[in-house]
**Student:** 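Okay, here's the structure, questions in a sec.
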Amino acid sequence: MVKEIQLRVPLSEEQQQDILVIKSAQALAVDKSDITGVKVLRKSIDARKPKIIFNYKVAVYIREALPKSSEYQFDYKDVSKAKPIHIIGFGPAGMYAALRCIELGYKPVVLERGKNVQDRRRDLRAINQQHVVNEDSNYCFGEGGAGTYSDGKLYTRSLKRGDVRRIFENLVYHGATDQILVDAHPHIGTNKLPKVVQNIRETILKFGGEIHFETRVTDFIIKNNTIQAIQLNGNDEMAANRVILATGHSARDIFYLLHKKEIALEAKSFAMGVRVEHPQHIIDSIQYHCSGERHELLPAASYSLVQQVNGRGVYSFCMCPGGFIVPAATANGEVVVNGMSPSKRNNLFANSGIVVEIDVNRDLPKYEKFGPLKGLEYQKNLERMAFTAGGRSQTAPAQRLTDFVEGKLSEDLNPTSYQPGLNTSPLHSLLPKLIGSRLRKGFSSFGQKMKGYYTAEANIVGVESRTSSPVCIPRNENLEHPQIQGLFPCGEGGGYAGGIVSAAMDGERCAEAAVKNM
Ligand code: FAD
């Protein structure tokens with residue numbers, strides 16, 4: 001017999017031996033010796049009250065053996081001689097599209113402008129230390145896409161839990177910890193992600209797929225509204241009749257190329273703002289009601305905040321407990337910040353994007369002349385402003401949180417995890433009013449919701465501009481571009497995902513659509 005139940009384990013009892021078996025036996029009124037196993041289905045922390053509780057959802061096996069833990073089989077077959085599907089971009093969408101092609105018996109041919117994970121590291125060092133951005137290899141471009149040197153948070157708002165489970169199990173198959181299958185807020189960590197990504201690459205190659213690094217797609221050859229070939233590195237052409245376009249939201253050259261070729265695009269609403277960084281112990285003390293260090297069994301605390309300000313949402317985005325702020329620019333002449341954290345989340349800082357919704361239909365009248373690229377141009381302008389204010393390098397403009405809200409230039413700044421360094425700047429006056437004034441009100445109200453959050457010990461750092469794509473590449477019910485047969489816009493760049501998991505799910509969907517009628 002198997003029974004699914006919820007258990008509440010106080011922090012003080014969490015480490016007690018066999019605590020889940022003991023609690024299950026009590027809850028089900030059975031003898032402890034009849035319980036053959038307890039499988040954790042979900043684990044979360046309830047820290048709303050000072051007495052912290054671990055909530056478990058468990059399956060209790062009574063006089064019955066525990067089954068194998070995976071629900072999905074990944075049936076990869078040799079596709080070396082199969083028909084090709086071309087996939088542009090090897091981020092989560094491209095990786096999962098390639099894996100799905102192999103399961104379906106088609107050969108993925110991946111074109112990726114960036115380098116493999118190992119070689120990519122050198123270019124990340126160059127951004128952090130020499131302030132030089134390699135425009136093909138950076139925090140957004142390269143093997144594994146923007147997801148590789150990230151936090152590896154695997155949260156998604158998707159309601160298709162089955163699909164989410166499949167994505168998670170595939171990550172575990174490729175070396176991620178199986179803890180992600182049960183944690184309410186699963187994450188992998190930037191130190192573990194490259195190995196998972198490398199294992200995915202090895203599966204694709206082992207089963208006959210192709211991956212071409214340092215290969216940027218520079219044109220599409222289209223005849224009679226049907227894709228015929230793709231141009232690589234401005235030179236060679238590669239014949240292709242099914243192309244999954246998974247280039248992410250930072251591939252501006254792809255948006256410009258499509259626009260120049262009069263291939264329909266649409267402006268999409270998105271969000272922009274700043275990254276805020278607190279000492280982690282401040283967030284821990286607020287969330288865990290403690291004054292000193294957090295309990296050793298508790299992870300670095302996180303938060304999620306949202307507030308309506310003058311008709312727009314202001315909210316926290318991609319919060320990284322125990323993490324680092326990173327320079328996520330994809331071109332020289334711009335400053336873009338984002339966040340990542342290691343698997344242990346043991347750095348001394350907590351950072352989070354705090355962003356304001358931008359409604360492209362109402363908020364950007366001065367940018368109308370850019371048509372579907374108006375959001376992109378607005379985003380670009382802000383990133384250039386940050387570059388100038390930061391001192392024309394990857395040093396980022398920053399202000400103490402309280403000075404930003406009170407409208408004062410900071411005399412000095414707090415210590416930071418951001419390696420290229422910070423430059424004190426009047427972000428309160430440099431940010432457009434649409435964003436700046438809403439952020440200031442948003443921060444004040446966050447300070448009321450979380451006592452201690454609004455503090456001079458926090459910095460805000462500009463700009464957090466790449467939250468989601470400002471452009472949508474339309475597609476029809478077959479997931480094909482309505483004008484171009486054989487072109488499948490996919491993942492975050494197409495406007496169909498926001499984060500690692502939803503991009504991966506969209507990659508699988510696009511692979512399934514691309515192989516239809518082949
Ligand atoms: P991308 O990951 O952007 O991949 C696109 C790929 O296409 C890139 O590798 C790029 O090099 C390649 N490409 C672009 N143009 C071309 C071209 N012309 N030719 C060939 N190749 C091309 N999301 C989360 O869910 N959790 C997190 O914790 C998280 N943290 C993040 C931290 C950072 C620092 C960053 C930058 C992002 C983070 N994200 C996070 C967002 C997440 O990484 C993206 O949502 C996700 O990677 C999008 O997947 P994608 O495959 O659609 O696009």
Side-chain angles (χ1 to χ4, degrees), residues 86-98 110-117 120 123-124 134-158 167 185-190 193 197 211-220 230-234 243-258 275 302 317-321 323-330 336-341 345 351-353 464-469 489-507 510:
H86 290 80
I87 299 168
I88 312 178
F90 200 51
M95 288 191 292
Y96 271 75
V110 179
L111 298 318
E112 165 56 55
R113 73 195 293 166
K115 300 180 185 171
N116 67 49
V117 278
R120 199 176 160 188
D123 298 312
L124 302 187
N134 177 330
E135 301 192 356
D136 288 310
S137 176
N138 46 58
Y139 277 93
C140 294
F141 295 161
E143 185 173 23
T148 310
Y149 295 99
S150 79
D151 201 29
K153 272 184 295 297
L154 302 174
Y155 321 156
T156 172
R157 283 189 223 116
S158 172
I167 302 299
H185 292 109
H187 87 115
I188 297 182
T190 189
L193 280 158
V197 165
I211 305 174
H212 303 265
F213 290 114
E214 297 181 62
T215 304
R216 185 178 349 146
V217 170
T218 41
D219 204 356
F220 301 102
I230 45 185
Q231 187 197 59
L232 310 178
N233 293 332
V243 175
I244 296 177
L245 181 62
T247 43
H249 64 23
S250 291
R252 290 179 173 158
D253 42 3
I254 289 288
F255 294 132
Y256 286 127
L257 172 67
L258 295 174
R275 200 151 266 265
S302 65
F317 173 83
C318 183
M319 200 265 143
C320 297
F324 300 84
I325 301 183
V326 297
T330 48
V336 179
V337 289
N338 208 311
M340 70 176 194
S341 68
R345 287 185 162 162
N351 70 69
S352 177
E464 176 87 17
S465 50
R466 309 269 178 101
T467 53
S468 70
S469 185
C490 179
E492 193 160 45
Y496 302 101
I500 295 169
V501 178
S502 57
M505 288 196 291
D506 200 53
C510 287

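Just follow the structure's listing: the first ligand is 1, and inside any ligand the first atom is 1.
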**Student:** Hey, does Cys320 have a side-chain heavy atom less than 4.5 Å from the side chain of Lys153?
**Tutor:**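 They are in contact (side-chain heavy atoms under 4.5 Å apart), so the answer is yes.
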
**Student:** Please output the side-chain donor-acceptor pairs of residues 87-98 that fall under 3.5 Å, not counting sequence neighbours, one pair per line with the distance.
**Tutor:**
residue	atom	partner	partner atom	Å
Tyr96	OH	Ile167	O	2.9

**Student:** Tell me the closest heavy-atom pair linking Thr218 and Leu232, and the distance in Å.
**Tutor:**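 Closest approach of Thr218 to Leu232, heavy atoms only: OG1-C, 3.9 Å.
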
**Student:** Under the side-chain hydrogen bond (donor to acceptor under 3.5 Å, both in side chains) rule, collect the residues that match up with Thr148, sequence neighbours excluded.
**Tutor:**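 Residues passing side-chain hydrogen bond (donor to acceptor under 3.5 Å, both in side chains) with Thr148: Arg120.
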
**Student:** At a heavy-atom distance under 4.0 Å, which protein residues reach ligand 1? Sort them by chain and number, would you?
**Tutor:**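 Near ligand 1, by chain and number: Ile88, Gly89, Phe90, Gly91, Pro92, Ala93, Leu111, Glu112, Arg113, Cys140, Phe141, Gly142, Gly145, Ala146, Gly147, Tyr149, Ser150, Asp151, Gly152, Lys153, Thr215, Arg216, Val217, Ala246, Thr247, Gly248, Ala251, Ile254, Cys318, Val326, Asn338, Gly339, Gly491, Glu492, Gly499, Ile500, Ala503.
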
**Student:** Just jot down the ring-ring contact (aromatic ring centres under 6.0 Å, His included) partners of Tyr155, sequence neighbours excluded, or say none.
**Tutor:**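 Applying ring-ring contact (aromatic ring centres under 6.0 Å, His included) to Tyr155 gives His185.
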
**Student:** Specify the closest pair of heavy atoms between Glu492 and Ser469, including all atoms of both residues, with the distance to one decimal.
**Tutor:**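 Heavy atoms of Glu492 and Ser469 come nearest at O-CB, 3.3 Å.
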
